[in-house]
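Some notes on the structure that comes next.
Sequence lines set the chain letters: A, B, ... in the order given, protein chains first and strands last, and positions in each chain run from 1.
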Amino acid sequence: MAKPRTPKGRSRLAAQRLAERYPGTAKELCALEHKDPFQLLAATILSAQCTDARVNMVTPQLFAAYPDAASLAAANPEDVEEIIRSTGFFRSKTKSLIGMATAVADRYGGEVPRELEELVTIPGVGRKTGNVVRSVAFGLPGLPVDTHVLRVSQRLGLLEGLTSAEQRDAVKVEHQLNTLVPAAERGAFSLRVILHGRETCVARKPRCSACPLADFCPSVR
DNA sequence: ATCCCGAGGG
DNA sequence: CCCTCTGGAT
């Protein structure tokens with residue numbers, strides 16, 4: 001394939017190369033342990049500023065004590081804090097978890113809603129978390145935008161047409177990437193870009209010599 | 001020091 | 001827009 005010169009072309013080739021490096025569906029690429037949408041939602045809330053490995057160390061005990069929304073909604077906050085303490089931000093995360101469980105139990109009959117507009121009304125759930133749940137738990141179109149997706153998209157030149165301020169706006173970037181990535185591929189694309197950002201296109205000193213996208217990346221050096 | 005799949009509040 | 005929340009790993 002010739003060297004692509006448009007955001008569309010670069011996104012297509014990047015998606016193809018990253019799929020070779022990180023095979024699997026969104027569900028398979030997600031490292032958070034869970035068995036249903038409620039548990040994935042809880043695990044994703046815990047994942048803020050915390051490694052997935054750390055989250056996976058606390059979720060077995062959390063879900064043994066509180067397997068569903070109704071039980072977590074009725075939890076004693078101090079008990080939850082003790083279980084999740086090592087994931088950091090434990091007081092605010094406990095409020096988010098119990099608030100989330102209360103909303104899911106009271107407003108949605110214990111079933112996590114599927115629409116992003118509904119997900120983001122739940123305490124502790126923003127666009128990134130909502131899109132993770134949509135794409136991983138439900139297999140619906142959703143493109144989680146985190147710090148890695150922001151950085152890698154900029155470097156790869158996928159955000160041409162956006163102002164420099166808009167390139168730092170996760171919502172604007174999400175909409176731009178939605179125009180580049182087919183709906184069915186968005187979840188896996190995002191997860192792969194995140195892995196690529198963590199392992200290769202790192203913030204400080206990107207490892208361009210080991211990058212599978214270096215031959216067409218506008219920022220390679 | 002800096003990073004880890006953020007969200008809510010001022 | 002900035003600040004805060006928080007612990008663990010490197």
Side-chain angles (χ1 to χ4, degrees), chain A residues 18 21-22 24-34 37 39-59 61-62 77-78 80-104 112 116-138 142-155 163-174 177 181 185-207:
Chain A
L18 293 178
R21 173 162 285 204
Y22 305 111
T25 62
K27 189 184 284 285
E28 290 163 352
L29 290 163
C30 180
L32 295 172
E33 289 173 13
H34 63 281
Q39 293 191 356
L40 176 65
L41 182 47
T44 307
I45 287 172
L46 291 176
S47 75
Q49 294 299 297
C50 176
T51 61
D52 295 340
R54 175 61 54 183
V55 173
N56 290 337
M57 290 181 205
V58 310
T59 47
Q61 191 184 351
L62 183 69
E78 291 177 10
V80 176
E81 288 182 358
E82 184 182 338
I83 295 171
I84 71 165
R85 179 160 29 85
S86 68
T87 67
F89 297 162
F90 64 90
R91 276 182 284 266
S92 53
K93 284 178 180 177
T94 292
K95 283 179 192 166
S96 293
L97 286 177
I98 295 178
M100 175 276 279
T102 301
V104 170
V112 176
L116 191 62
E117 295 73 18
E118 295 181 304
L119 285 164
V120 296
T121 68
I122 295 172
V125 182
R127 277 189 94 79
K128 184 260 172 179
T129 300
N131 276 317
V132 168
V133 170
R134 270 177 67 78
S135 58
V136 174
F138 295 128
L143 206 161
V145 174
D146 74 334
T147 178
H148 300 294
V149 175
L150 242 22
R151 181 181 67 254
V152 173
S153 299
Q154 286 174 209
R155 286 179 174 166
T163 67
S164 56
E166 289 171 336
Q167 296 193 13
R168 285 178 245 113
D169 182 333
V171 177
K172 293 283 195 338
V173 171
E174 181 187 328
L177 293 177
V181 183
E185 301 170 22
R186 286 172 195 162
F189 176 84
S190 177
L191 267 341
R192 289 176 182 129
V193 169
I194 289 166
L195 290 170
H196 177 63
R198 289 206 316 227
E199 298 174 3
T200 306
C201 195
V202 296
R204 294 297 172 76
K205 197 165 179 279
R207 302 175 51 226

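In this structure, A/Lys93 atom NZ and B/dC4 atom P are separated by 14 Å, rounded to whole Å. One interatomic measurement links the two molecules: NE2 of A/His148 to C1' of B/dT2, which rounds to 13 Å at whole-angstrom precision. If you measure from atom CG of A/Leu150 to atom C1' of B/dA7, you get 15 Å, rounded to the nearest angstrom. Taking atom CD of residue A/Gln49 and atom P of nucleotide B/dG6, one finds them 5 Å apart after rounding to whole Å.
Within 4.0 Å of A/Thr129, counting heavy atoms only, lie sugar-phosphate atoms of the nucleic acid but no base atom. In this structure, A/Leu195 reaches neither bases nor backbone, as no heavy-atom distance under 4.0 Å exists between it and the strands shown.
Among residues two or more places apart in sequence or in another chain, the side chain to side chain donor-acceptor pair (under 3.5 Å) test is passed with A/Arg186 by A/Asn178. Partners of A/Thr121 under the side chain to side chain donor-acceptor pair (under 3.5 Å) rule, at least two apart in sequence or in another chain, are A/Arg107. Under the rule for a side-chain contact (heavy atoms from CB on, under 4.5 Å), the partners of A/Glu118 that lie at least two apart in sequence or sit in another chain are A/Tyr108, A/Pro113, A/Glu115. For A/Lys172, the salt bridge (Lys or Arg N to Asp or Glu O under 4.0 Å) partners are A/Asp169, not counting sequence neighbours. Residues satisfying the side chain to side chain donor-acceptor pair (under 3.5 Å) test with A/Glu199, not counting sequence neighbours, are A/Tyr22. For A/Arg127, the salt bridge (Lys or Arg N to Asp or Glu O under 4.0 Å) criterion is met by A/Glu174, not counting sequence neighbours. For A/His148, the side chain to side chain donor-acceptor pair (under 3.5 Å) test picks out A/Arg151, with sequence neighbours left out.
The side-chain hydrogen bond (donor to acceptor under 3.5 Å, both in side chains) contacts involving residues 90-101 of chain A comprise nothing, where partners must be two or more places apart or lie in separate chains.
Annotation: proximity of residues 82-90 of chain A to DNA chain C (heavy atom, distance under 4.0 Å) is found for A/Arg85, A/Ser86, A/Gly88, A/Phe89, A/Phe90, numbered in ascending order.
Side-chain atoms of A/Ser190 and A/Asn131, non-hydrogen and from C-beta on, never get closer than 4.5 Å to each other.
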With a 3.5 Å cut-off and sequence neighbours excluded, list the donor-acceptor pairs that the side chains of residues 46-55 of chain A form with protein atoms.
from, atom 1, to, atom 2, distance (Å)
A/Ser47, OG, A/Thr44, O, 2.7
A/Thr51, OG1, A/Arg54, N, 3.2

Report, one pair per line, the protein and nucleotides 8-10 of chain B atoms (nitrogen or oxygen only) whose separation is under 3.5 Å.
from, atom 1, to, atom 2, distance (Å)
B/dG8, OP1, A/Gly124, N, 2.7

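Nucleotides of DNA chain C that come within less than 4.0 Å of any heavy atom of chain A span, from the 5' end to the 3' end, C/dC5 to C/dA9.
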